[in-house]
Protein chains: 2
Amino acid sequence: MAQVCPKLSREEERRVPMASTNGDRRPKYQRIADTLREAIQAGEYGPGDRLPGENDLMATHDVARMTARQALGVLQAEGIAESRKGAGVFVRAFRPLRRRGIQRLAQEQWGAGRSIWAADTEKRDLVVDQVEVTEEPAPERISVVLDVEAESKVCVRRRRFVLDGKPVLLATSYLPAPIVAGSAITEENTGPGGVYARLAELGYKPVHFREEIRSRMPSKDEAAQLNISAGTPVILICRTAFADEGRPVEINEMTLDAASYVLEYDFDA
Amino acid sequence: MAQVCPKLSREEERRVPMASTNGDRRPKYQRIADTLREAIQAGEYGPGDRLPGENDLMATHDVARMTARQALGVLQAEGIAESRKGAGVFVRAFRPLRRRGIQRLAQEQWGAGRSIWAADTEKRDLVVDQVEVTEEPAPERISVVLDVEAESKVCVRRRRFVLDGKPVLLATSYLPAPIVAGSAITEENTGPGGVYARLAELGYKPVHFREEIRSRMPSKDEAAQLNISAGTPVILICRTAFADEGRPVEINEMTLDAASYVLEYDFDA
DNA sequence: TAGTGGTCTAGACCACCTC
DNA sequence: AGGTGGTCTAGACCACTAC
């Protein structure tokens, strides 16, 4: 008997189904998560609505606390739900920014004195929140791509962007220190047209770009800086800007809150 | 006293630190996760190595089973560790495919009779695993973009791609049924050059593409079809192909295992 | 067969939020 | 003040893996 019989009815519930429908072999917490997920997709709970809490689920499904928690944990890990301490678990929404990868870097944008970030916002309020400009020895991956000597100095520009009070983007740019020395690129405010306009003035006009895109779960640090909730990945964009003759002049490593962005690339065959 | 004293030494461990370093307010499971994470980043555990198991952590950190589990759960949710039932928890690796978004769709690719997927693989073994071709009423989001009447028939091509035995990509294409009727596009095998070469023959040569990219955690179904492990997001690519005069002729919705892909877009300023 | 992770129970204390 | 989620304990049975 042992621990087998604190509640026989409950144990039987697990042993019998094999005989009947058989399809009941999945763990309880997953079945609970399924019913909630289906209810959400059926529209019974809309974005922002409160889901049944741990106590509700314990009662309605006759399970222990941890099991109800596990079920809610599944939905949070899927990014479908979001818990607020002391308040409850709620259905999440998804209203992303659209980032046009190619048009935004067309020369008309920065050539005309507008920051390329302006193309992002479509009247929404995306602003720089934190800026830090330093000179540092180049990390290996940077020196390799920029084609400078290992450990040689690079200008590093770190910025954070905030949309409606929520941080959505971290960007770190690396430029060879010798070619930007003394220019506005080493200032917090780079002036009209931004870094690329200044590079053009210095004789390193960017004519070609490469963007590499990955996605993964955020590190602890990234999650903190972007205030990312559980179950939300980050998108990593690594952009390299090339001047004439394929000379790489800037690397921009960006970390985006995946729940805040849709990337768009438009191109001809 | 109450439950406060099953092991005083343990409780004190939580109360005292406030006086000393104060910085010990974080939950135990996070501190355990931190030490493991740091050990991994310091190279003490390389990709594929086995991490200390639940029993190890219970012993070395003097915690209960569930707490050790929570710690390991953190690393799995971050995608840096992976559990294998009955075996242990292991450090994950990351060796992605490179998908060149623009060159691969340059007309030389499919114009010369090669599948565009060939450009992906770099000699690696990416093959189609499952194909399904049907005719269905267009879902709303599709009929809107394809500019056909709601519910009108579309040709739907569903495929799954496998790399070295692991599924990495689900792709579903939608094309207006009237313009592809009778062509090889409605067959499982579309012939040399694939769908785009056939469209060209039908007078709908794709001349422009738009790709939209998002990322999120996989649905249950996606996780199953891609055999995705916990803590790994999916990348969603929605590509629209346009023929002359901006006529949309195909929508391809793709779901990628984010741990298997890097996307690349190359373009001029 | 011994060890591993996966699931589950039945309690507990806490910080936090809402009322 | 009462309810909520967050953390934690100390057990248990199971399926699976490796030897």
Side-chain angles (χ1 to χ4, degrees), chain A residues 1-15 17-18 24-34 36 49-59 61-77 81-90 229-231, chain B residues 1-15 17-18 24-34 36 49-59 61-77 81-90 229-231:
Chain A
M1 281 292 168
Q3 181 255 16
V4 181
C5 51
K7 270 198 177 177
L8 255 186
S9 63
R10 198 172 294 173
E11 287 305 317
E12 280 185 308
E13 191 191 328
R14 300 193 67 194
R15 305 254 152 97
M18 196 171 71
D24 224 347
R25 311 194 66 71
R26 312 247 320 293
K28 286 185 187 181
Y29 76 94
Q30 283 194 20
R31 276 181 277 155
I32 298 174
D34 288 349
L36 287 174
D49 285 358
R50 183 176 180 281
L51 293 173
E54 298 174 357
N55 294 335
D56 299 291
L57 295 179
M58 287 170 67
H61 291 86
D62 187 30
V63 293
R65 184 99 195 288
M66 287 304 303
T67 307
R69 266 185 83 67
Q70 260 184 300
L72 291 169
V74 168
L75 302 185
Q76 293 176 58
E82 183 175 33
S83 70
R84 291 206 284 274
K85 218 186 314 186
V89 182
F90 300 83
S229 51
Chain B
M1 282 288 172
Q3 180 258 15
V4 181
C5 52
K7 269 196 177 178
L8 255 185
S9 63
R10 198 172 295 172
E11 286 307 316
E12 279 184 310
E13 189 192 326
R14 300 194 65 193
R15 303 258 151 95
M18 197 171 69
D24 225 347
R25 309 194 67 72
R26 313 249 317 293
K28 286 185 187 181
Y29 76 94
Q30 284 194 19
R31 276 181 278 154
I32 298 173
D34 288 349
L36 288 174
D49 284 359
R50 183 177 180 280
L51 293 172
E54 298 174 357
N55 294 334
D56 299 291
L57 296 178
M58 288 169 69
H61 291 86
D62 188 29
V63 293
R65 183 101 194 289
M66 286 305 302
T67 307
R69 267 185 82 69
Q70 259 184 301
L72 291 170
V74 168
L75 302 184
Q76 293 176 56
E82 182 176 33
S83 70
R84 290 206 284 273
K85 217 187 315 184
V89 181
F90 301 82
S229 50

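All chains are named by letter (A, B, ...) in the order of the sequence lines, taking the proteins before the strands, and each is independently numbered beginning at 1.
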List, with names and distances, any nitrogen or oxygen atoms from the protein found under 3.5 Å away from nitrogen or oxygen atoms belonging to nucleotides 16-19 of chain D.
unit_1, atom_1, unit_2, atom_2, d
D/dT17, O4', B/G86, O, 3.4

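Taking both residues in full, the closest heavy atoms of A/R50 and A/A87 are given as NE-O, 3.3 Å, listed atom of the first, atom of the second, then distance. The two residues B/A71 and B/A33 come nearest to each other via the heavy atoms O-CB, 3.8 Å. When all heavy atoms of A/A68 and A/L57 are compared, the pair lying nearest together is CB-CB, 3.8 Å. Counting all heavy atoms, side chain and backbone alike, A/V89 lies closest to A/A81 at CG1-CB, 3.8 Å. Taking both residues in full, the closest heavy atoms of B/T67 and B/Y29 are given as O-CB, 3.7 Å, listed atom of the first, atom of the second, then distance.
Heavy-atom nearest nucleotides on DNA chain C were determined for B/L51 and for B/M66, and the one closer to the 5' end corresponds to B/L51.
Side-chain proximity of B/P27 to the nucleotides D/dT9, C/dT7, D/dT7 is greatest for D/dT7. Which of D/dG5, D/dT7, D/dT9 sits closest to the side chain of B/K28 comes down to D/dT9.
Rounded to whole angstrom, the span from the CE atom of A/M58 across to the P atom of C/dT9 amounts to 9 Å. Computed from coordinates, the B/R69 CZ to D/dA10 C1' distance equals 15 Å when rounded to whole Å. Following rounding to the nearest Å, B/Q30 (CD) and D/dT7 (C1') show an atom-to-atom distance of 10 Å. In this structure, A/E54 atom CD and D/dT7 atom C1' are separated by 11 Å, rounded to whole Å. Here the P atom of nucleotide C/dC8 and the NE2 atom of A/H61 are 12 Å apart, to the nearest Å. What separates CG of A/L72 from C1' of D/dG6 is a distance of 13 Å, to the nearest Å. The separation between B/L75 atom CG and C/dG5 atom C1' is 15 Å, rounded to whole Å. For B/D62 and D/dC8, the CG to C1' distance is 12 Å, given to the nearest whole Å.
For the pair A/S83 and D/dG6, the criterion of a side-chain N or O lying under 4.0 Å from OP1 or OP2 is met. OP1 or OP2 of D/dT7 lies within a sub-4.0 Å distance of a side-chain N or O belonging to B/Y29. Dashed line: the shortest gap from a side-chain N or O of A/N55 to OP1 or OP2 of D/dG3 is not under 4.0 Å. Considering only side-chain N and O atoms, B/T67 lies under 4.0 angstrom from the phosphate OP1 or OP2 of D/dT9. The side chain of A/R65 contributes no N or O atom lying less than 4.0 Å from OP1 or OP2 of C/dT9.
With values rounded to the nearest 0.5 angstrom, A/D62 atom CG is found 7.0 Å from A/K28 atom NZ. Rounded to the nearest 0.5 angstrom, B/S83 OG and B/L75 CG are separated by 11.0 Å.
Where the helix from C/dT1-D/dA18 to C/dT18-D/dA1 starts and where it ends, the local axes point in directions that differ by 10°; five pairs per end, rounded to 10°.
The salt bridge (charged side-chain N to carboxylate O under 4.0 Å, His left out) analysis of residues 65-75 of chain A, with sequence neighbours excluded, yields the pairs A/E54-A/R65, A/E54-A/R69.
By the 4.5 Å heavy-atom criterion applied to side chains, A/D34 and A/R26 are counted as neighbours. Put simply, the side chain of B/L36 reaches to within 4.5 Å of the side chain of B/L72, judged on heavy atoms.
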